[in-house]
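Residue numbers begin at 1 in each chain, while the letters A, B, ... track the order of the sequences.
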Amino acid sequence: MTHIPGIAFQILQSMFVVLAAPLLVGWVNQCRAWLQNRSAPSILLPYYTLAKLFHKDAVIARNASPLFHLTPYVLFGCMWLAAGIVPVLATDLPFAPAADIIALVGVFALARVFSALAAMDIGTSFGGMGARREMLIGFLAEPAMLMTLFTAAFISGSTQLTTIVETLAHREFAIYPSLAFAAVAFLMVLLAENARIPIDNPTTHLELTMIHEATILEYSARHLALIEWAMAIKLFAYMTIGIALFLPWGIAEAGNWAALPLAFAALAVKLVLAGAGLALIETVLAKLRLFLAPEFLSTAFLLAVLGMLTHFLLLT
Amino acid sequence: MISLEVISSPLTGSLLAVVSWLAISALALIPAGNAFLARRLAFPLSALAGLALAAFGLQAIWLAPQQMTLPLGLPDLPFHLRVDPLAGFFLMLLGSVSAGISVYAGGYFRNETSERLILIGLQYHVFLASMAFVILADDAYLFMVAWETMALSSYFLVTTDHKLPAIRSAGFLYLLIAHLGAIAILLCFGVMHGGHGDYSFDALRAAELTPLWANVAFLLAFFGFGAKAGMIPLHAWLPEAHPAAPSPVSALMSGIMLKTAIYGMVRVIYDLIGNVRWEWGMVVLAVGAGTTLFGVLYALMQHDLKRLLAYHSVENIGIILLGLGMSMVFIGFGHPAAGTLGMIAALYHTLNHAVFKGLLFLGAGSILHSTGLRNLNDMGGLIRVMPKTAFYFLIGALAISALPPLNGFVSEWLTFQAALQAPILQNGVVRSLLPLFAATLALAGALTAMCFVKVYGIAFLGQPRSPHHPVSAPGAGHDAGGMERYGMAWLAAGCFVLGLFPSSFLLMLNRVCASLTGQSLTADALTGSSWLWLVPTSSEQASYSPVIFLVVIVAVTLLTFLLVRRFYHGRVRLSDPWDCGFPEQTSRMQDTADAFGQPIRHVFGPIYLMQRQMPAPDDPAPRFSLKIEDRHWYWVYLPVARLAEYASSKIALLQQGRISIYLLYSFLTLIALLVFVR
C-alpha cells in the first residue's frame with residue numbers, strides 16, 4: 001500500500017490547518033493592534049475565545065429550523081475539506097485529485113449559500129440584509145477568483161491545484177506579468193471573501209455596515225465557535241492558496257519527506273509576513289461604502305482577465 | 001405474433017412506449033365518470049411508459065442506428081423513424097424525467113373536475129407522444145408534424161385556465177413565437193433540401209450545400225430552434241407561458257420541451273448540415289452568453305415564483321448554448337476531441353437542467369397547491385408547514401446553483417474544462433475570448449446561487465409575511481401528497497445520481513457525441529474514468545470525484561458534530577430572536593423578494609427598464625412602487641409589431657370589396673403568368 005503515508009500525511013496536514021488557523025487570526029489581530037498603537041492581545045486569544053464559546057449554553061430562536069442547527073457543522077465541514085485540498089506543506093495529497101480548483105471555489109460557494117440561508121431562517125431584518133450582502137460580495141468575487149485560478153491553470157495546463165503548484169514551483173525565477181496581475185486580483189478577492197477591510201470589517205458590529213457579522217447574528221456558543229473557527233480556516237486556506245500560487249518556493253514535492261521541515265519553516269515565514277501584510281492593509285485602508293464594493297471587485301475581475309490575456313499574448 | 005426480439009429492439013420498443021402514451025390519452029377520455037380512476041390509473045401508467053422509453057433510449061445509445069418506415073402520412077410521403085445514439089439520449093431524458101412528472105401529476109390534479117381532467121389527460125399525453133416523435137422523426141415531414149403537434153398540445157395545456165384573459169394572452173404569445181420558429185425551421189429544411197424532392201433526413205444529410213447556403217441554413221435553424229428554446233430575444237413567451245400553465249405542465253415544458261429544441265439544434269447543425277464552422281460557434285457563444293446573463297439577472301428581479309423559474313430556464317438554455325458554441329468552435333478549428341468535450345458538457349447540462357428544473361417546478365406547484373401562493377412576497381416559513389417539499393426544493397435549489405456535489409456543478413465543471421482547452425486554438429482572438437465566456441458562466445453561476453438563496457430564504461425560511469394569510473394560522477396549509485412526493489423524490493434522486501456518478505454518463509455521452517463529431521475523448525480520459533473519477537481529458541489536467549467529495553464532506557461534518565457533542569454539553573436555551581434593542585419587530589420587517597434584489601438593481605441598473613416611485617420624506621401615506629420591464633419589448637417586439645401592422649395596413653389596400661376589382665386581379669395575374677411562365 002503505497003498510499004498509506006500519503007493518506008496519513010493528508011490527515012496530518014488538514015489537522016494542522018484546522019488547529020493552526022486560529023493562530024493566524026491571533027497573529028493578524030496582534031499585528032493590527034501594534035500598528036494601531038494599542039497594547040496587543042495574546043496571540044492565543046482566538047483559542048481562548050473558542051474555548052469560552054464552546055462552554056456556554058447555546059441560545060437559539062424559537063422558530064429556528066433544522067437548517068439553522070445544521071449550518072455551523074456544514075460550514076466547518078466545508079472549510080475542513082478546503083484545508084484538505086490546498087497544498088500547504090507538500091504537494092503529496094491523495095485527496096487533492098478529488099476536487100480541483102473549480103470544486104474548491106464550489107466548496108466556498110456551498111459554505112456561503114448555507115450561511116446565507118441560515119441567516120434568513122429566523123426571519124429578522126438583519127439576517128436578510130446580511131444574506132443579501134453576503135451573496136452580493138459572493139457573486140462579485142467568485143468570477144474574479146475563477147479567472148485568477150484559470151490564469152494559473154493556463155500556465156500549468158491543469159486545474160489540479162497540486163499539479164499547478166508543482167509546475168509553478170519548478171519554473172525559473174522570473175517575473176511573469178500574467179501572474180503579477182493575477183496576484184493583485186487574488187489579493188483583492190481574498191480581502192473581500194474573508195470579510196476584511198476595505199469590503200467588510202471583522203471587528204464591527206455596527207448594524208448598517210456589517211456584512212458577514214449580520215449573517216451570524218443569531219448564533220451563539222458552540223455554533224458561533226464553529227463558525228468563527230471555520231472563518232479562521234477559510235482565511236488560512238485563502239492565504240495558503242495565494243502562497244501556493246504566487247510564492248510556491250520551498251514546498252515539499254511528492255515523496256520528498258526530507259524537505260518537510262524546510263517546507264514548514266518556509267510556510268511559517270510566508271504566513272508571518274502575509275499576516276503582517278494583511279494587518280497593514282487593514283490599518284491603512286478605510287472600509288468602502290457597500291456600493292463601492294462592486295467597483296473594487298470588478299477591478300479585481302478585470303485585473304484577472306488582463307492577466308489571462310497577457311498570458312495568451314506572450315504565448316504567441 | 002411479435003417476437004420478443006422485435007419488442008426489445010430500441011426502435012420498436014420506444015415506438016410501443018409512445019403508442020401507449022397515445023393509447024392512454026385516448027383512455028383518459030373514457031372513464032369520464034370517474035376522475036379518481038383516470039388520475040390514479042392514467043398518470044402512473046404513463047410514468048411506466050416513460051420508464052420503458054428511457055430504458056429503450058439507453059439501449060439505443062449503445063447500438064447501431066435503426067430505421068423504420070411507417071405507412072402513415074400522405075401518399076408517397078410515409079413517416080420515417082430512426083433511432084441513433086443522439087435520439088436515444090434524448091428519449092432517455094424524455095422518458096425518465098417525464099416519469100417523475102407524470103407520477104406527480106397524478107397527485108397534483110386531485111382537485112380538478114372530471115371534464116377538465118379529461119382534457120388535461122388527453123393533451124398531456126399527446127404532448128408527451130409528440131415530443132417523442134420529434135426525437136424519433138427521420139424526415140422533415142414527420143418532424144414538422146410532430147413539432148406542430150407539440151406546439152399545439154402544449155398551447156392547449158398552457159391555456160387550461162382559459163377563462164382568465166391574462167392566460168389567453170400568454171398562450172397567444174407562446175403560439176405566435178412557436179410559429180415564428182416553426183417557419184424558420186421549415187425554411188431551413190427547404191434550404192437544406194435544395195430541390196431534390198426528398199425530405200428524408202438521409203437525403204438532407206447527403207446534400208452538399210455551398211458555404212453561403214450552409215450559413216443560411218445554420219442561421220435559420222438557430223433562430224427557429226432558439227425560439228423554442230427561449231434564447232434572447234425570443235425568450236418573451238417563457239416567463240408568460242410557464243406561470244400560466246399548471247405546474248406539472250410547466251415542468252414538462254421547461255424540463256423537456258425546451259430540450260427538444262436543443263435536440264433539433266444539434267440534429268440539424270451537426271448531423272444534417274454538417275461541416276460545422278467556428279464562426280457559427282462564435283454566434284452561438286455570443287447569444288448564449290447574452291441569454292445566460294439576461295436570464296439570471298431578470299430572474300433575480302421576479303417575485304412570482306414560477307416566472308422566476310422560467311427566467312432561470314432562459315439562463316440554463318444559455319449555459320447549454322455556451323457548451324454547444326465551444327464545441328462548434330473547437331470542431332471548426334479542427335479539434336474534434338475538444339469539441340466532443342464541449343458537446344458532452346452541453347448535453348449533460350441539458351439532462352441536468354431537465355431534472356432539477358422539473359423538480360423545482362414541481363416544488364413550486366406543491367406550494368401553489370398547498371397555500372395558493374405564487375408571490376414570494378406573501379410566503380415565508382413554509383419549511384415548518386411543508387417540510388418534505390422544503391427538503392426536495394432545497395436539493396433542486398442547490399443543484400441549480402451549481403454547488404458540489406450535485407449535478408448542476410458537474411455540467412458547469414465540464415463546460416469550464418471545455419473552455420480551458422482554449423490554448424489549442426490557432427486563432428488568437430478566439431482563444432482569448434473563450435475564457436471570457438467561461439467568466440460569464442462563473443458570474444451566472446454565482447448569481448444563480450444568490451437567486452436561489454432568495455427563493456429558498458424567502459419562501460421556506462423566516463416567518464410568514466402576510467399575517468392574514470391562511471398559512472400563518474396554526475395547522476393551516478399541508479405538505480405535498482404522496483404521489484406528488486414520489487414524483488419529486490424521483491427527480492431529487494436524479495440530482496444525486498447525476499451528480500455523484502457522472503463518469504458512467506460521461507461514457508454514454510461520449511458515444512453520443514462521438515457519433516456526431518467523429519471523435520471520442522482521449523483514451524486516457526476513458527480508461528481513467530472508473531465510476532469514481534470524472535476525468536475529461538487526462539488525470540494530469542483535471543479530475544473530480546464527487547463520491548469521494550461527498551464522503552469526505554459528510555464525514556468531516558459528522559466528525560465535527562460528534563466531537564462537539566462528545567467534549568461539550570449540548571445545552572440549548574430557546575428564546576426570541578435578538579431584536580437589536582427594538583422590541584417591535586414584525587414579520588413585515590423581513591426582506592422581501594424585491595428587497596433581496598436591490599443590490600442587483602444597483603449594480604446592473606442599466607440592464608433593467610425601471611420605473612420607480614419614491615415617496616417624498618414628508619408624505620403622510622408613503623407608497624413605494626417599482627416596476628421592472630423587459631427592454632426587449634421596446635427594442636424588438638413593439639417595433640416588429642408596428643412594422644407588421646403597418647405592412648398589413650398597406651396590403652389591406654388591395655382589399656376593395658368590389659367583385660370587379662378582384663376579377664381584375666385575377667385577369668392581371670393570368671396575363672403575368674402567360675407572359676413569364678408560358
**Q** Roughly how far, to the nearest 0.5 Å, is the CZ atom of R112(A) from the OG atom of S401(B)?
**A** 11.0 Å

**Q** Quick check on the interface: out of D576(B), L441(B), L394(B), T560(B), who has the most heavy-atom pairs with chain A under 4.5 Å?
**A** T560(B)

**Q** How many angstroms lie between atom CZ of F549(B) and atom CD1 of I85(A), to the nearest 0.5 angstrom?
**A** 6.5 Å

**Q** Could you tell me the separation between the CE atom of M120(A) and the CZ atom of F460(B), rounded to the nearest 0.5 Å?
**A** 13.0 Å

**Q** Would you name the heavy atoms of L110(A) and I553(B) that are closest together and state the gap between them?
**A** CD2-CD1, 4.1 Å

**Q** Testing the basics here: between D100(A) and Q417(B), what is the closest heavy-atom pair and its distance to 0.1 Å?
**A** OD2-NE2, 3.3 Å

**Q** Given the options D591(B), L559(B), L443(B), which has more heavy-atom pairs under 4.5 Å with chain A than any of the others?
**A** D591(B)

**Q** Do R132(A) and P599(B) have side chains that approach each other closer than 4.5 Å (heavy atoms only, starting at C-beta)?
**A** yes

**Q** Where on A419(B) is there a heavy atom nearer than 4.5 Å to chain A: the side chain, the backbone, both, or neither?
**A** backbone

**Q** Only pairs of heavy atoms separated by less than 4.5 Å count here; which of L447(B), L558(B), I600(B) has the most with chain A?
**A** L447(B)

**Q** Side-chain contact, heavy-atom cut-off 4.5 Å: S65(A) with R384(B)?
**A** yes

**Q** Once you round to the nearest 0.5 Å, how far does CG of L117(A) lie from CZ of F452(B)?
**A** 12.0 Å

**Q** Where do G106(A) and L403(B) come nearest, in terms of heavy atoms and distance?
**A** O-CD2, 4.1 Å

**Q** What part of F596(B) gets within 4.5 angstrom of chain A, counting heavy atoms only: side chain, backbone, both, or neither?
**A** both

**Q** Side chain from CB out, backbone as N, CA, C, O: work out which of these in F391(B) comes under 4.5 Å of a heavy atom of chain A, or both, or neither.
**A** neither

**Q** Against chain B, label F76(A) side chain, backbone, both or neither, depending on which of its atoms sit under 4.5 Å from a heavy atom there.
**A** side chain

**Q** Which heavy atom of V113(A) sits nearest to which heavy atom of A449(B), and what is that distance?
**A** CG2-CB, 3.9 Å

**Q** Which bit of I102(A) comes within less than 4.5 Å of chain B, counting heavy atoms only: side chain, backbone, both or neither?
**A** both

**Q** Determine whether R431(B) and L309(A) make a side-chain contact, defined as any pair of heavy atoms from C-beta on separated by less than 4.5 Å.
**A** no

**Q** Report the C-alpha separation of L146(A) and F416(B) in whole Å, then their side-chain angles, then the decisive distance to 0.1 Å, and conclude whether the side-chain contact (heavy atoms from CB on, under 4.5 Å) test is met.
**A** CA-CA 10 Å; L146(A) 270 178; F416(B) 281 130; 3.7 Å; yes

**Q** Which heavy-atom pair separates M147(A) from A439(B) by the least distance, and what is that distance?
**A** CE-CB, 3.4 Å

**Q** Around atom OH of Y568(B), are there more than 12 heavy atoms of other residues, nucleotides or ligands at under 6.0 Å?
**A** yes

**Q** Answer yes if the side chains of D121(A) and Q463(B) hold a donor-acceptor pair under 3.5 Å, and no otherwise.
**A** no

**Q** Relative to chain B, which of L75(A), L70(A), L140(A), I122(A) shows the most heavy atom pairs under 4.5 Å?
**A** I122(A)

**Q** In terms of heavy-atom proximity below 4.5 Å to chain B, should V305(A) be classed as side chain, backbone, both, or neither?
**A** side chain

**Q** Is chain B contacted by the side chain of R222(A), its backbone, both, or neither, given a heavy-atom distance below 4.5 Å?
**A** side chain

**Q** By a 4.5 Å heavy-atom criterion (distance strictly below it), what part of L290(A) contacts chain B: side chain, backbone, both, or neither?
**A** neither

**Q** I458(B), I383(B), V564(B), V603(B): which one forms the most heavy-atom pairs within less than 4.5 Å of chain A?
**A** V564(B)

**Q** Which bit of A304(A) comes within less than 4.5 Å of chain B, counting heavy atoms only: side chain, backbone, both or neither?
**A** neither

**Q** Please classify the contact of F114(A) with chain B as side chain, backbone, both or neither, using a heavy-atom distance under 4.5 Å.
**A** side chain

**Q** I'd like to know which of D57(A), L226(A), L67(A) tops the heavy-atom pair count under 4.5 Å against chain B.
**A** D57(A)

**Q** Identify which part of V107(A) has an atom lying under 4.5 Å from any heavy atom of chain B, answering side chain, backbone, both or neither.
**A** both

**Q** Measure Y73(A) against the heavy atoms of chain B and call it side chain, backbone, both or neither at under 4.5 Å.
**A** both

**Q** Return the CZ to CE distance between F139(A) and M450(B), rounded to the nearest 0.5 Å.
**A** 6.0 Å

**Q** Do F312(A) and P435(B) have side-chain heavy atoms sitting under 4.5 Å apart?
**A** yes

**Q** Kindly compute the distance separating CZ (F150(A)) from CG (L436(B)), expressed to the nearest 0.5 Å.
**A** 11.5 Å

**Q** Identify the heavy atoms of A103(A) and P404(B) that sit nearest to each other, and give their distance.
**A** O-CG, 4.3 Å

